[in-house]
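All figures in this text were calculated on a predicted structure; none of them were measured in a lab. The first residue of the sequence shown is numbered 1, and numbering continues consecutively from there.
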Amino acid sequence: MVAASAPMTRPTTGRPSSVKSSKLIRVSMLAPFVLILTLALRGAGAQDQSGAKRPPILPGFVIAFLILALINSLGWIPAALQALLWALSKWAMLTAIAAVGMKTDLKRILSVPPQSVVLIFLETLFIAGVVLAGVMVLL
């Protein structure tokens with residue numbers, strides 16, 4: 001409510017908080033989405049044919065995320081540790097992206113049909129245009 005009414009007094013006031021709020025809402029919907037999806041798939045009878053044990057309703061990483069979010073929201077993590085964990089998370093993301101790149105087989109990429117490459121290029125231009133338009137609106 002505050003983020004929505006802030007631009008009425010000054011147009012640039014609500015923008016950063018609105019972006020942060022939308023990111024927080026999107027991330028906070030992870031656990032309910034995974035839970036609903038798991039229950040829906042189980043209800044629809046989707047099962048592993050190998051007879052292996054069924055996975056938990058909520059994966060461990062989702063539970064860990066919820067616990068860490070709660071601890072952070074309660075203010076139990078000191079600012080110095082938050083800064084360290086933030087830097088660590090950036091490096092973890094960089095490592096994950098590099099790992100994906102290292103597993104990429106360039107020979108298979110070269111065998112992709114030219115029309116697919118053109119489509120990917122056009123999609124990339126479209127996404128870049130949407131992002132650029134969004135940045136221009138926010139400035």
Side-chain angles (χ1 to χ4, degrees):
M1 184 98 154
V2 173
S5 63
M8 292 180 194
T9 55
R10 288 191 6 207
T12 58
T13 304
R15 290 184 183 149
S17 62
S18 297
V19 170
K20 287 181 183 177
S21 297
S22 65
K23 287 181 181 180
L24 287 173
I25 290 169
R26 187 180 66 215
V27 170
S28 67
M29 293 306 295
L30 173 67
F33 175 77
V34 171
L35 178 64
I36 290 169
L37 181 65
T38 303
L39 293 174
L41 289 173
R42 286 186 178 185
Q47 294 193 19
D48 187 8
Q49 302 300 328
S50 67
K53 185 178 141 188
R54 289 176 18 170
I57 291 178
L58 277 179
F61 76 90
V62 174
I63 295 170
F65 171 79
L66 291 173
I67 291 170
L68 290 173
L70 177 66
I71 290 171
N72 187 45
S73 296
L74 293 173
W76 294 351
I77 300 176
L81 182 57
Q82 282 182 344
L84 176 69
L85 292 173
W86 179 252
L88 181 64
S89 74
K90 285 183 179 180
W91 279 104
M93 181 65 76
L94 179 66
T95 303
I97 292 170
V100 168
M102 291 174 65
K103 295 293 281 182
T104 303
D105 184 5
L106 294 178
K107 290 179 184 175
R108 289 185 66 200
I109 289 176
L110 293 175
S111 68
V112 172
Q115 59 268 33
S116 298
V117 175
V118 170
L119 179 62
I120 292 170
F121 179 73
L122 292 174
E123 288 175 345
T124 303
L125 286 179
F126 175 75
I127 292 169
V130 169
V131 169
L132 182 60
V135 168
M136 298 304 282
V137 168
L138 290 175
L139 295 178

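- Its side chain within the 4.5 Å cluster rule, Leu132 clusters with Met136 among the Ile, Leu, Val, Met, Phe, Trp and Tyr residues.
- Through side-chain heavy atoms spaced under 4.5 Å, either directly or across other Ile, Leu, Val, Met, Phe, Trp or Tyr residues, Ile109 is tied to Leu106.
- Contacts of Leu110 classified as side chain to side chain contact (heavy atoms under 4.5 Å, CB included), with partners at least two apart in sequence or in another chain: none.
- Applying the side-chain hydrogen bond (donor to acceptor under 3.5 Å, both in side chains) test to every pair with at least one member in residues 96-112, sequence neighbours left out, gives no pairs at all.
- When hydrophobic side chains of Ile, Leu, Val, Met, Phe, Trp and Tyr are connected at separations under 4.5 Å, Ile36 ends up as a singleton with no cluster partners.
- Listed by chain and residue number, Ile127, Val135 satisfy the side chain to side chain contact (heavy atoms under 4.5 Å, CB included) test with Val131 (two or more places apart in sequence, or in another chain).
- When the side chains of ILVMFWY residues are joined at heavy-atom separations under 4.5 Å, either directly or via intervening members, Leu94 and Ile97 end up in two distinct hydrophobic clusters.
- Between Ser28 atom OG and Phe65 atom CZ the span is 7.5 Å, to the nearest 0.5 Å.
- Sorted by first then second residue, the side-chain hydrogen bond (donor to acceptor under 3.5 Å, both in side chains) pairs that include residues 130-139, not counting sequence neighbours, number zero.
- Cluster membership check: Trp76 shares its hydrophobic cluster with Leu85, using side-chain heavy-atom separations under 4.5 Å among Ile, Leu, Val, Met, Phe, Trp and Tyr.
- Applying the side-chain hydrogen bond (donor to acceptor under 3.5 Å, both in side chains) rule to pairs touching residues 130-139 yields nothing, sequence neighbours excluded.
- Note: Leu125 CG to Ile120 CD1 = 12.5 Å, rounded to the nearest 0.5 Å.
- Nearest approach of Val62 to Leu58, heavy atoms of both residues: CG1-CD2, 3.9 Å.
- When hydrophobic clusters are built by joining Ile, Leu, Val, Met, Phe, Trp and Tyr residues whose side-chain heavy atoms come closer than 4.5 Å, directly or via intermediates, Val34 is grouped together with Ile63.
- In this structure Leu39 satisfies the side chain to side chain contact (heavy atoms under 4.5 Å, CB included) test together with Leu35, Ile57, sequence neighbours excluded.
- The two atoms that bring Ala31 and Leu66 nearest to each other are CB-CD1, 3.7 Å, heavy atoms only.
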Kindly determine whether Leu81 and Leu84 satisfy side-chain contact (heavy atoms from CB on, under 4.5 Å), including the steps that lead there. CA-CA 5 Å; Leu81 182 57; Leu84 176 69; 4.1 Å; yes

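- Applying the side-chain hydrogen bond (donor to acceptor under 3.5 Å, both in side chains) rule to pairs touching residues 79-93 yields Asn72-Gln82, sequence neighbours excluded.
- Between Ile77 and Ile71 the shortest side-chain heavy-atom distance falls below 4.5 Å.
- Among residues two or more places apart in sequence or in another chain, the side chain to side chain contact (heavy atoms under 4.5 Å, CB included) test is passed with Val112 by Ser116, Val117.
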